[in-house]
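Heads up, the thing below is written out as structure tokens.
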Protein chains: 2
Amino acid sequence: MSEKYKEILEHSYQLFAENGFDQTSMSLIAKQTGITKPAIYYYFNSKEKLIQTLFGHIIDEIKFNNFFNPLEYTKDNFISKLTEDGIKMMDKQLQDPYYNKIMNEYYVLSSRDAHYAKALNTVLHEFLEGFLNLLKLAQKYGLLSEKDIQTKAEFLTIIVDGLDKYSNEEYDLDPVAIWAFSVKSIFY
Amino acid sequence: MSEKYKEILEHSYQLFAENGFDQTSMSLIAKQTGITKPAIYYYFNSKEKLIQTLFGHIIDEIKFNNFFNPLEYTKDNFISKLTEDGIKMMDKQLQDPYYNKIMNEYYVLSSRDAHYAKALNTVLHEFLEGFLNLLKLAQKYGLLSEKDIQTKAEFLTIIVDGLDKYSNEEYDLDPVAIWAFSVKSIFY
DNA sequence: GTCTATAAGCAGATAGAC
DNA sequence: GTCTATCTGCTTATAGAC
């Protein structure tokens, strides 16, 4: 892929996050990238295509396996490892000031466009299955009863998603404490 | 307040939820309301003013006290009552197909406009304080240790918010089970 | 590949008649 | 209060030169 192509995507990411899709014109993206509008249309047939392409790249970054690796979980480290990995995930997404904002944009899009809804649903289910597998492993280690496994996986998925939303300075919640408590509460 | 004024707000609510603020023109709102665009400007100075006014009305509906009343909580019914009220809240918001979508719109707005951010933060803190008071009551009843009270209140707030988001047919999670589990997990 | 110039349309908002 | 008509500006997108 060409260098300009990547640059356009990078500036789009930032500008869409800051202003939203509708309030970010192709002209503004062009200006920020240091080219003109028709140059963007050379790489992307339409604004919608640009938004879709960007979405594909973002989706690839938020796979469950990028944050949680079952192979690293032993009987002894299980609870602390799960706590730790969740915190690392929050930290990573906090370091990108645009991540949360642009995800909100795509979440709104998904409520009106089945294409986006389907993709975000897939991400959700990867987390669901990921946590489910992790909890089954915990069960094998004898750390967990088989009861409520499905609910507990859904529970963790929702918490992870929610903490993301509230993990910034605007809200004075304590996401780390909440996650630690959540993890602890499934091992009773 | 005039009848037309209310009608404009009602149609705005629906259209903003369905299409988003930017994709909903004043012309469309006028058309749906059965009037012309200048008639809307007679009631609202600007589109922004319309969006703000609507926001004020919505905010009034999502106060903690509309869903949870501490006076109804006794030592015996506490856990089941808390579970029940949470479910009622989800049900109520599910019955309005526009609620979630328009709240997403305002949430996105809040990430760019301090006015909206402040108001939504207030709502969040009312829930936080509400749950905190409820948990202190539970503590008085001897149902709870004083440990982690703050974290547990934040925990419930985030769960309630997250369940809202995933309480619709698109996602095959089981919000009732998750809420029930969450409530149970704070009384160990 | 990247540009200048431009098309075609819709947005928010208002003037002024009734 | 509500209308018709209109202004101004910005939007996505393209034609065609270099």
Margin query: Within the 4.5 Å heavy-atom criterion, are A:F181 and B:K152 side-chain neighbours or not?
Written below: yes
Check: Would you say A:Y5 reaches C:dG1's phosphate, i.e. side-chain N/O to OP1/OP2 under 4.0 Å?
Finding: no
Next item on the list: Using atom CZ of B:F44 as one end and atom C1' of C:dG12 as the other, report the distance to the nearest whole Å.
Entry: 16 Å
Next item on the list: Please go through A:L71's hydrophobic cluster and name the other residues, only I, L, V, M, F, W, Y counting, with side-chain heavy atoms under 4.5 Å joining them.
Entry: none
Item checked: Atom-pair distance (OH on B:Y43; P on D:dC3), nearest Å -> 10 Å
Note to self: If you compare every side-chain N and O of A:T36 against the phosphate oxygens of C:dT2 (OP1, OP2), does one of them come in below 4.0 Å?
What the structure shows: no
Item checked: Atom-to-atom span, CD of A:E3 to P of C:dG1 - whole angstrom -> 12 Å
Margin query: Please verify the inter-ring angle class for A:F131 with A:F127; under 30° counts as parallel, over 60° as perpendicular, anything in between as tilted.
Written below: tilted
Note to self: Distance check needed: D:dT11 P versus A:K31 NZ, whole Å only.
What the structure shows: 11 Å
Notebook entry, point to check: When you look at CD of B:Q139, are more than 12 heavy atoms from neighbouring residues, nucleotides or ligands closer to it than 6.0 Å?
Noted result: yes
Next item on the list: Look at A:K101 together with A:E18 and state whether they make a salt bridge at an N to O cut-off of under 4.0 Å.
Entry: no
Next item on the list: Provide, to the nearest angstrom, the distance between the NZ atom belonging to B:K4 and the C1' atom belonging to D:dT2.
Entry: 10 Å
Check: Between the side chains of B:Y13 and B:D96, is a donor N or O closer than 3.5 angstrom to an acceptor N or O?
Finding: yes
Item checked: Protein proximity profile, nucleotides 12-18 of chain D - base contact B, sugar-phosphate-only contact S, no contact -, cut-off 4.0 Å on heavy atoms -> BBB----
Note to self: Expressed as a whole number of angstroms, how long is the span from B:Y42:OH to C:dA15:P?
What the structure shows: 16 Å
Next item on the list: Starting at atom CD1 of B:I40, determine the distance to atom P of C:dG12, rounded to an integer number of angstrom.
Entry: 10 Å
Next item on the list: Find the distance A:E7:CD to C:dG1:C1' and express it as a whole number of Å.
Entry: 14 Å
